[in-house]
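We count residues from 1, following the sequence as given. A quick note: this is a predicted structure, and the numbers were derived from the prediction, not measured.
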Amino acid sequence: MALTAIKGFNDILPGESGRWHYIEEAARRVFELNGFSEIRVPVMEKTELFCRSIGDATDIVEKEMYSFTDKGDNSITLRPEGTAGVMRAYIEHKLHALDPVAKLYYLGPMFRYERPQKGRYRQFHQIGAEITGVHDPLVDAQVLNMLTAFFHEIGLDEPSLQINSLGCPECRPAYRAALCSFLEERMGELCEDCRRRFSTNPLRALDCKVPGCIQATVGAPSVLEHLCAGCDDHFSAVRSYLDLAETPYSINSRMVRGLDYYTRTTFEMVTTQLGSQSAVAAGGRYDGLIQQLGGPAIPGIGFAMGVERIALLLGQREFASLPDLFIATMGAGERNAAFKLMDGLLKAGVRVEMDYEGKSLKSQMRRADKLKARFSVVIGGNEVASGSAAFKRMSDGIVTEASLTVAGFEAVLAQGRGDLHQYSTAPVSEQ
Ligand code: HAM
């Protein structure tokens, strides 16, 4: 039987990786502009870390973790998300002693045993950012502006930002009680999952996708009407900072997150283009998490974006890095000259391809087309003898005679033909 990848685990093939570089490079640019530095943490952690942070009663911890016992009898889990590991590292290395305000970003694979479908996988990739040490709502707005700026940077006007506040340990119990008494009267209409979660995680009924639950929760009490004065002021201030920056958003008071560590501001970037996998990025404040994990009482806020979902939104635009020149030869006698030109151009940072297999001129030119080279040149006996050749611009067939040297090809490029292909910094179709 042929060996295949594990269900829900994907290969990112060469045709696709240009899109990934484009996304990752844009994120690094935008995050570093905002003062964030990269942190790299392990893909596996002690299982207890995720139980204590994400919460025992969440779907992730209850049903979706890849956990196993290692040869030393330790319970280990492949990380289902990034925040817990990053905060574990922040506490373990006492980054707060250097400066409680840390701005950290990370990217890499995460693992959840979910039912795979378009936009939902068992190994998926997140790019996330976290800021610790600031209570001020200004920082919530900065995080949201940075997220908005990222989508602008990659040229997407979808997804759109939705925000909510989930209150704090002071005001949430009263909200939970109000919601529970509302749900209790409609228990018969709720799905089995929501009934099961009623005592551990009743808020999840608000974002259940089962039609009966959507119907049953119409008119449910709003968390925003149960915020304490501190949380209410915080949420108003976040909104007024967003208004000040003219960042578009809408309020979704039914948004509840699938992780327990959130307090106050929560948010999602949502799209209608990916079916039920509508969240392209999501996050919020977690003011109690660092202390809960054994660190000092330092607040935090952050988000993670799903790279596969962003790649799907970017669609079929081509992000490959294409050659600037394809060198064809008439025959074996010109291979030395072709190889020398290619070597010189590569050393000068020009992307070049040549024929490796001594194919016919016709098939070499087909390959130049297939590779989408910007220019081609054919080297025959006359070209070798004269030391110059005709460089053809493939888009319109315009030919420029120049010497068969690095300087010669650079002169061709310099004739008002724009820059070399930039490596994955913009979709090729827009260059
Ligand atoms: P999350 O909402 O669980 O939050 O995941 C964030 C994003 O990861 C989602 O919006 C989605 O784009 C992507 N994602 C999640 N699961 C999958 C999957 N199975 N397949 C493909 N993409 C997926 C967190 O993980 C929090 N740690 C975010 C955060 C950071 N909150 C504060 N800081």
Visitor: Report yes if some heavy atom in the side chain of Ser53 is under 4.5 Å from a heavy atom in the side chain of Thr83; otherwise report no.
Guide: no

Visitor: Could you tell me whether the side chain of Thr47 and the main chain of Ile76 form a donor-acceptor pair under 3.5 Å?
Guide: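 Yes; at least one donor-acceptor contact below 3.5 Å.
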
Visitor: side-chain hydrogen bond (donor to acceptor under 3.5 Å, both in side chains), that's the test. Do Asp260 and Thr58 meet it? Break it down for me.
Guide: CA-CA 7 Å; Asp260 280 355; Thr58 59; 5.7 Å; no

Visitor: Please check this pair: side chain of Arg285 against backbone of Pro137, looking for a donor-acceptor N/O pair closer than 3.5 Å.
Guide: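 Not at all, since once roles are kept as given, no pair shorter than 3.5 Å links the two residues.
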
Visitor: Looking at Arg112 and Glu81, is any side-chain nitrogen of the basic one under 4.0 Å from a carboxylate oxygen of the acidic one?
Guide: no

Visitor: Restricting to ring pair (Phe, Tyr, Trp, His ring centres under 6.0 Å), what partner residues turn up for Tyr262, sequence neighbours left out?
Guide: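 Tyr262: no ring pair (Phe, Tyr, Trp, His ring centres under 6.0 Å) contacts found.
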
Visitor: How close do Met269 and Leu147 get, heavy atom to heavy atom, and via which atoms?
Guide: CG-CD2, 3.7 Å

Visitor: Is the gap between the ring centers of Tyr249 and Phe267 under 6.0 Å?
Guide: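 Not close enough - the centres of the two rings lie 6.0 Å or further apart.
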
Visitor: Between Asp243 and Arg239, is there a salt bridge with N-O shorter than 4.0 Å?
Guide: no

Visitor: Go through it in stages, so that I can follow the logic: the residues are Arg254 and Thr217, the test is side-chain hydrogen bond (donor to acceptor under 3.5 Å, both in side chains), and I'd like the CA-CA distance, side-chain angles, deciding distance and then a yes or no.
Guide: CA-CA 10 Å; Arg254 293 174 65 95; Thr217 54; 2.6 Å; yes

Visitor: Is it true that, when you exclude Asn336 itself, more than 12 heavy atoms of the residues, nucleotides or ligands shown sit nearer than 6.0 Å to its CG?
Guide: no

Visitor: Determine yes or no for a side-chain-to-main-chain donor-acceptor pair under 3.5 angstrom, with Thr77 supplying the side chain and Glu45 the backbone.
Guide: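 Checked: no pair found.
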
Visitor: With sequence neighbours excluded, tell me which residues meet ring pair (Phe, Tyr, Trp, His ring centres under 6.0 Å) with Phe326.
Guide: none

Visitor: Please examine the side chains of Ser321 and Arg351, heavy atoms only from C-beta on, and report whether any two atoms are closer than 4.5 Å.
Guide: yes

Visitor: Is there a donor-acceptor contact under 3.5 Å from the side chain of Glu383 to the main chain of Gly380?
Guide: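 Here the side-chain-to-backbone pair exists.
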
Visitor: Decide if atom CE of Met44 counts as having more than 12 heavy atoms of other residues, nucleotides or ligands within a radius under 6.0 Å.
Guide: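 It does not: Met44 CE has 12 such atoms or fewer within range.
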
Visitor: Could you tell me whether the side chain of Arg172 and the main chain of Leu166 form a donor-acceptor pair under 3.5 Å?
Guide: yes

Visitor: Sequence neighbours left out, what passes side chain to side chain donor-acceptor pair (under 3.5 Å) with Tyr241? Give chain and number order.
Guide: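 Once residues adjacent in sequence are excluded, Tyr241 has no partner under the side chain to side chain donor-acceptor pair (under 3.5 Å) criterion.
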
Visitor: Please check if the side chain of Arg29 supplies one atom and the backbone of Phe150 the other of a donor-acceptor pair under 3.5 Å.
Guide: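 Looks like no, no N/O pair under 3.5 Å.
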
Visitor: More than 12 heavy atoms of other residues, nucleotides or ligands under 6.0 Å from CD of Glu48: yes or no?
Guide: no

Visitor: Going by the ring-ring contact (aromatic ring centres under 6.0 Å, His included) test, which pairs reach into residues 276-295, not counting sequence neighbours?
Guide: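 Pairs touching residues 276-295 that pass the test: Tyr261-Tyr286.
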
Visitor: Which residue pairs pass the salt bridge (charged side-chain N to carboxylate O under 4.0 Å, His left out) test when at least one of the two sits in residues 60-74, sequence neighbours left out?
Guide: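 Found Asp59-Lys63, Glu62-Arg196, Lys63-Asp193.
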
Visitor: Return the minimal non-hydrogen interatomic distance between Ala27 and Ile127, and the atom names on each side.
Guide: CB-CG2, 3.9 Å

Visitor: Using modelled atom types only, decide if a donor and an acceptor are shared between the side chain of Glu353 and the backbone of Ala368 within a distance under 3.5 Å.
Guide: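 No.
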
Visitor: Considering residues at least two apart in sequence or located in another chain, which fulfil the side chain to side chain donor-acceptor pair (under 3.5 Å) criterion with Glu192?
Guide: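 Result, side chain to side chain donor-acceptor pair (under 3.5 Å) vs Glu192: none returned.
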
Visitor: Do the side chain of Arg195 and the main chain of Leu190 share a donor and acceptor less than 3.5 angstrom apart?
Guide: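 Yes.
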
Visitor: Quick check: do Val378 and Gln364 have side-chain heavy atoms less than 4.5 Å from each other?
Guide: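 In short, these two side chains do not touch, never coming nearer than 4.5 Å.
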
Visitor: Compare all side-chain heavy atoms of Met110 with those of Pro80 and state whether any distance is below 4.5 angstrom.
Guide: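 The answer is no; the side chains never approach within 4.5 Å.
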
Visitor: Check this for me: does any side-chain nitrogen of one of Asp369 and Lys372 sit under 4.0 Å from a carboxylate oxygen of the other?
Guide: no

Visitor: If you compare all heavy atoms of Ser253 against all heavy atoms of Ser222, which two are closest, and at what distance to 0.1 Å?
Guide: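 Taking Ser253 first and Ser222 second, the nearest heavy atoms are CB-OG, 3.6 Å.
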
Visitor: How about Val223 and Leu206: do any of their side-chain heavy atoms sit closer than 4.5 Å?
Guide: no

Visitor: Applying salt bridge (Lys or Arg N to Asp or Glu O under 4.0 Å), can you list everything that pairs with Lys340, at least two apart in sequence or on another chain?
Guide: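 Not a single residue meets the salt bridge (Lys or Arg N to Asp or Glu O under 4.0 Å) criterion with Lys340.
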
Visitor: Go through the structure and list residues passing ring pair (Phe, Tyr, Trp, His ring centres under 6.0 Å) with Phe303, not counting sequence neighbours.
Guide: Phe31

Visitor: Should we count CE of Met330 as having more than 12 external heavy atoms under 6.0 Å?
Guide: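 For Met330, atom CE is not crowded (no more than 12 foreign heavy atoms under 6.0 Å).
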
Visitor: Any heavy-atom pair between the side chains of Ile6 and Arg122 that's under 4.5 Å?
Guide: no

Visitor: Mind checking ring pair (Phe, Tyr, Trp, His ring centres under 6.0 Å) for Tyr113 and listing every partner two or more places apart, or none if nothing turns up?
Guide: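 Residues passing ring pair (Phe, Tyr, Trp, His ring centres under 6.0 Å) with Tyr113: Tyr66.
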
Visitor: Step by step, work out the side-chain contact (heavy atoms from CB on, under 4.5 Å) result for Arg264 and Val238.
Guide: CA-CA 10 Å; Arg264 295 193 162 173; Val238 173; over 6 Å; no

Visitor: Can Tyr90 and Glu130 be said to form a side-chain contact (heavy atoms from CB on, under 4.5 Å), step by step?
Guide: CA-CA 11 Å; Tyr90 174 81; Glu130 317 284 351; over 6 Å; no

Visitor: Checking Asp355 against Arg367 for the salt bridge (Lys or Arg N to Asp or Glu O under 4.0 Å) test, could you report, in this order, the C-alpha distance in whole Å, the side-chain angles of both residues, the deciding distance, and whether it holds?
Guide: CA-CA 8 Å; Asp355 165 53; Arg367 185 158 169 76; over 6 Å; no

Visitor: Where the side chain of Ser165 meets the backbone of Gly167, is there a donor-acceptor pair that is under 3.5 Å apart?
Guide: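 A pair under 3.5 Å: yes.
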
Visitor: Does atom CZ (Arg88) have a neighbourhood of more than 12 heavy atoms from anything else shown, all under 6.0 Å?
Guide: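 Check passes, neighbour count above 12.
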
Visitor: Sequence neighbours excluded, which residues qualify as side chain to side chain donor-acceptor pair (under 3.5 Å) partners of His96?
Guide: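 By the side chain to side chain donor-acceptor pair (under 3.5 Å) rule, His96 matches no residue at all.
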
Visitor: Nearest heavy-atom pair of Gly8 and Pro116: which atoms, and what distance?
Guide: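 The answer is CA-CG, 4.0 Å.
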
Visitor: I need the minimum non-hydrogen distance between Ala129 and Tyr106, along with the two atoms involved.
Guide: N-CE2, 4.0 Å

Visitor: Please confirm whether the backbone N or O of Ala279 pairs with a side-chain atom of Arg309, one donor and one acceptor, at under 3.5 Å?
Guide: yes

Visitor: Which of these passes side chain to side chain donor-acceptor pair (under 3.5 Å) with Gln277: Gln117, Glu308, Lys118?
Guide: Gln117

Visitor: Got Met255 and Thr266 here, is their nearest side-chain heavy-atom distance under 4.5 Å?
Guide: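 Counting from C-beta outward, Met255 and Thr266 do come under 4.5 Å.
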
Visitor: Could you check whether atom CZ of Phe68 has more than 12 heavy atoms from other residues, nucleotides or ligands sitting under 6.0 Å from it?
Guide: yes

Visitor: Go through Tyr105 and Glu32 one step at a time and tell me if the side-chain hydrogen bond (donor to acceptor under 3.5 Å, both in side chains) criterion holds.
Guide: CA-CA 9 Å; Tyr105 76 87; Glu32 286 178 16; 2.5 Å; yes

Visitor: Before accepting this row, confirm whether a basic side-chain N of the pair Asp207/Arg257 lies closer than 4.0 Å to the acidic partner's carboxylate O.
Guide: no

Visitor: Considering only residues two or more places apart or on different chains, which pairs with a residue in residues 3-16 satisfy side-chain hydrogen bond (donor to acceptor under 3.5 Å, both in side chains)?
Guide: Glu16-Arg19, Glu16-Trp20

Visitor: Using the test salt bridge (Lys or Arg N to Asp or Glu O under 4.0 Å), find all partners of Glu246 that sit at least two apart in sequence or belong to another chain.
Guide: none

Visitor: Decide yes or no for Leu242 and Asn145: does some side-chain heavy atom of the first lie under 4.5 Å from some side-chain heavy atom of the second?
Guide: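 Yes, close enough: below the 4.5 Å cut-off.
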
